[in-house]
Amino acid sequence: MGRAALASWPFWALASAVFAALTAILAKVGIDGVGSNLATFIRTVVILGFAGLILTVAGEWRAPGSIAPRSWMFLVLSGLATGASWLCYFRALKLGEAAKVAPVDKLSVVFVAIIAAVFLGEKLSPLNWLGVALIAAGAVLVAVRI
């Protein structure tokens, strides 16, 4: 694997998808006999420690005051949204099958496309919108049992 791959967004996005898939499967197995809120807490503690380790190894710690207030506000809001998402995701995994929960969770791709277009002014081509519609249709088709 070359430096170009490590510097490309597709590589990291695909890695994210692989780890998200592992997250669903490992969480579904791990949540057996554990409440969804406690499971989310345990996962969060592990992530916090792992992120701290990465910051330490990379030497990327910064003084909190060096971060702009606007960045703080949006990162805190993003953290709250992440926490809410994880709580909902683990509750859904506790109640449903991973193969149904994960595709519905991936409707976030559809929501991101719509919100990015409306609020961030990002432009998607008609072919991109067709892909978004297919993702939505695919998520529904995978989640529904006939």
Side-chain angles (χ1 to χ4, degrees), residues 1-32 34-55 57-58 60 62 64 66-146:
M1 176 181 340
R3 289 181 190 247
L6 291 176
S8 70
W9 71 261
F11 170 81
W12 293 105
L14 185 58
S16 174
V18 169
F19 286 118
L22 287 172
T23 297
I25 300 304
L26 296 170
K28 182 63 180 175
V29 174
I31 204 168
D32 187 36
V34 178
S36 61
N37 294 331
L38 178 58
T40 301
F41 176 77
I42 292 168
R43 174 184 175 187
T44 302
V45 169
V46 170
I47 292 167
L48 183 63
F50 187 61
L53 176 66
I54 289 171
L55 283 173
V57 169
E60 294 178 346
R62 289 176 52 184
S66 70
I67 300 171
R70 182 176 191 272
S71 291
W72 268 110
M73 179 182 71
F74 281 102
L75 290 172
V76 167
L77 290 172
S78 174
L80 291 171
T82 298
S85 172
W86 290 354
L87 288 168
C88 294
Y89 187 72
F90 269 66
R91 180 65 49 95
L93 278 177
K94 184 76 171 173
L95 299 172
E97 298 174 24
K100 289 182 176 182
V101 170
V104 173
D105 177 66
K106 295 311 173 231
L107 285 173
S108 62
V109 173
V110 175
F111 299 143
V112 166
I114 294 167
I115 293 168
V118 171
F119 293 106
L120 301 179
E122 295 185 7
K123 306 289 185 211
L124 279 78
S125 71
L127 190 58
N128 296 145
W129 283 114
L130 175 61
V132 170
L134 290 172
I135 290 169
V140 171
L141 290 173
V142 173
V144 173
R145 294 284 168 130
I146 299 176

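Closest approach of A39 and I31 over heavy atoms only: CB-CG1, 4.0 Å. Minimum heavy-atom separation, I25 to A98: CD1-CB, 4.4 Å. When every heavy atom of A139 is checked against every heavy atom of L107, the shortest pair comes out as CB-CD2, 3.7 Å. Closest of all the heavy-atom pairs between V142 and P103 is CG1-CG, 3.3 Å. In plain terms, the two heavy atoms of V101 and Y89 that are nearest each other are CG1-CE1, 3.9 Å.
For residues 79-97, the set of pairs meeting the salt bridge (charged side-chain N to carboxylate O under 4.0 Å, His left out) definition, not counting sequence neighbours, comprises E97-R145. Screening residues 68-84 for side chain to side chain donor-acceptor pair (under 3.5 Å) gives no qualifying pairs among residues at least two apart or on separate chains. Residue pairs meeting the salt bridge (charged side-chain N to carboxylate O under 4.0 Å, His left out) criterion with at least one partner in residues 100-115, sequence neighbours excluded, are absent.
Under the rule for a side chain to side chain contact (heavy atoms under 4.5 Å, CB included), the partners of R62 that lie at least two apart in sequence or sit in another chain are S66, I67.
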Report all side-chain donor-acceptor pairs from residues 112-136 shorter than 3.5 Å, counting only partners two or more places apart or in another chain.
| from | atom 1 | to | atom 2 | distance (Å) |
| --- | --- | --- | --- | --- |
| S125 | OG | L127 | N | 3.4 |
| S125 | OG | N128 | N | 3.1 |
| S125 | OG | N128 | OD1 | 3.0 |
| N128 | OD1 | S125 | N | 2.9 |
| W129 | NE1 | L124 | O | 3.4 |

Side-chain donor-acceptor pairs under 3.5 Å in residues 45-54, sequence neighbours left out?
none

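With rounding to the nearest 0.5 angstrom, the OG atom of S36 is 7.5 Å from the CG atom of L87. Interatomic distance, CZ of F19 versus CH2 of W12, reported as 8.5 Å (0.5 Å rounding).
With respect to F90, the side chain to side chain contact (heavy atoms under 4.5 Å, CB included) criterion is satisfied by exactly one of T40, I42, N37: T40.
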